[in-house]
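Everything below concerns the one structure shown next.
Keep in mind that the numbers below use all heavy atoms, side chains included, and drop hydrogens, waters and symmetry copies.
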Amino acid sequence: MSGFREDELTRNGFLGGRVQLWQPARGYRAGVDPVLLAAAVPARAGEAVLELGCGAGQALLCLAARVPGLALAGVELQAPYADLARRNAAASGQAIDVYEADLAALPEALKQRQFHHVIANPPYYRAGAHSQARDAGRKIALGEGTPLAVWIGAAARRLAPKGYLHMIQRADRLPDMLAGCSGALGSLEVLPLAPRQARAAELVILRARKGGRAGFRLHAPLILHEGVRHERDGESYRPEIRAVLRDGAALPWPG
């Protein structure tokens, strides 16, 4: 796949403009999900973070904007997006080691490294379920080509002892995520993300720990929008979610 031309790109702001991201106008475009994922990570300065499937770098750059002093790395299958991640990192003054690779065949240089945190926003749809996407990059980003168990296995191998995996996914993929963690990661916690009160969760964030022994925890849903229905034009995020998306606050993870 060839790289993007300048006239095929747009530059978009996240975290109230603190993060600026070049991304394709017609390919896969980052939304709020990677921002929520980054906000869930309890990283501290001096720690190392790896993102599997880093795309143009949104999640890593949002995390770096909240927690300075991290050692950042990303793996991206698609060369044009890997190039965008490098460009966005350089424009933000951040150092990110971007590896262009398949998760099932990581380069030896990356296999020699361990990380305090691994994050991932894998494709939401099972193979063939999103085949209508015309753009090849978007089709790869949304349609599963690598099973979730492979994503989780790769994360577990790259995590340092007691390190954390955070993964955001569709709620209906939760059984696959839990199965993938079996024997590899423990202390599993699931935070459902519901769009509104009295609505079923559409997304979940999984937190898992290497060597963790705590019991499974299913938290109450985190509600994203105010009210029980969309009643007006414009933004309706709850204040704590608006603080995450606009001000770079940490996600309010249950204690």
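Taking CG of L245 as the start and CG of L224 as the end, the distance is 8.0 Å to the nearest 0.5 Å. Atom CG of L174 and atom CG of L178 lie 4.0 Å apart (nearest 0.5 Å). Here the NE2 atom belonging to H219 is positioned 10.5 Å from the CD1 atom belonging to I205, to the nearest 0.5 angstrom. Within the model, atoms CG of L251 and CG of L222 stand 5.5 Å from one another, a figure rounded to the nearest 0.5 Å. A distance of 11.5 Å separates CD in E47 from CG in L72, rounded to the nearest 0.5 Å. Taken from SG in C181 to CG in L206, the straight-line distance is 5.0 Å, to the nearest 0.5 Å.
Within the 3.5 Å criterion, the main-chain N or O of Q78 finds a donor-acceptor partner in the side chain of E76. Under a 3.5 Å cut-off, the side chain of R196 and the backbone N or O of E226 do form a donor-acceptor pair.
L36 and I223 are not part of a single hydrophobic cluster, where members link through side-chain heavy atoms under 4.5 Å apart. Linking ILVMFWY side-chain heavy atoms closer than 4.5 Å, directly or via other members, places L148 and V150 in two distinct hydrophobic clusters. Under a hydrophobic-cluster definition in which Ile, Leu, Val, Met, Phe, Trp and Tyr are linked whenever side-chain heavy atoms come within less than 4.5 Å, directly or via other members, I152 and L110 are assigned to the same cluster. Cluster annotation: W253 and V49 are assigned to the same hydrophobic cluster (Ile/Leu/Val/Met/Phe/Trp/Tyr, side-chain heavy-atom contacts under 4.5 Å, transitive).
Residues passing the side chain to side chain donor-acceptor pair (under 3.5 Å) test with T10, sequence neighbours excluded: N12, R29. For R209, the side-chain contact (heavy atoms from CB on, under 4.5 Å) partners at least two apart in sequence or on another chain are K162, Y164, S187. By the salt bridge (charged side-chain N to carboxylate O under 4.0 Å, His left out) test, R170 pairs with D172, sequence neighbours left out. For Q112, the side chain to side chain donor-acceptor pair (under 3.5 Å) criterion is met by no residue, not counting sequence neighbours. Shown here are the ring pair (Phe, Tyr, Trp, His ring centres under 6.0 Å) partners of H116, two or more places apart in sequence or in another chain: there are none. For A243, the side-chain contact (heavy atoms from CB on, under 4.5 Å) partners at least two apart in sequence or on another chain are D247, A249. The salt bridge (charged side-chain N to carboxylate O under 4.0 Å, His left out) test applied to D83 returns R86, not counting sequence neighbours. Residues satisfying the salt bridge (charged side-chain N to carboxylate O under 4.0 Å, His left out) criterion with R5, sequence neighbours excluded, are D7, E8. Listed by chain and number, the residues in a ring pair (Phe, Tyr, Trp, His ring centres under 6.0 Å) with Y237 are H225 (sequence neighbours excluded). Shown here are the salt bridge (charged side-chain N to carboxylate O under 4.0 Å, His left out) partners of R18, two or more places apart in sequence or in another chain: there are none.
Of all non-hydrogen atoms in A101 and A105, the two that sit nearest each other are CB-O, 4.2 Å. Summarising the geometry of V118 relative to A155, their closest heavy-atom pair is CG1-CB, 3.7 Å, with the distance given to 0.1 Å. When every heavy atom of A30 is checked against every heavy atom of Q23, the shortest pair comes out as N-OE1, 2.9 Å. A154 and L52 get closest at one heavy-atom pair: CB-CD1, 4.3 Å. Of all the heavy atoms in R207 and A40, the pair that sits closest is NH2-O, 2.9 Å. Shortest non-hydrogen contact noted between A85 and G57 is CB-N, 4.0 Å.
The side-chain heavy atoms of L9 and L84, taken from C-beta on, include a pair separated by under 4.5 Å. Side-chain atoms of L191 and P254, non-hydrogen and from C-beta on, do get closer than 4.5 Å to each other. Contact of the V204 side chain with the I168 side chain is not registered, since no non-hydrogen atoms from C-beta on lie closer than 4.5 Å. Using a 4.5 Å heavy-atom cutoff, the side chains of L193 and P221 are not in contact. Looking at heavy atoms from C-beta onward, L70 lies out of side-chain contact with L60 at the 4.5 angstrom threshold. Side chains of Y99 and R113 form a contact here, defined as non-hydrogen atoms less than 4.5 Å apart. Within the 4.5 Å cutoff, the side chain of L21 has no heavy atoms near those of the R11 side chain. Counting heavy atoms from C-beta on, the side chains of L159 and L185 come closer than 4.5 Å.
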Please lay out, stage by stage, how V19 and V35 fare under the test side chain to side chain contact (heavy atoms under 4.5 Å, CB included).
CA-CA 11 Å; V19 172; V35 183; over 6 Å; no
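Side chains of Y125 and R173: a donor-acceptor N/O pair is absent below 3.5 angstrom, by distance only.
Applying the side chain to side chain donor-acceptor pair (under 3.5 Å) test to pairs two or more places apart or on separate chains, none has a residue in residues 51-66. A ring-ring contact (aromatic ring centres under 6.0 Å, His included) check over residues 7-26, counting only residues at least two apart or in different chains, returns nothing.
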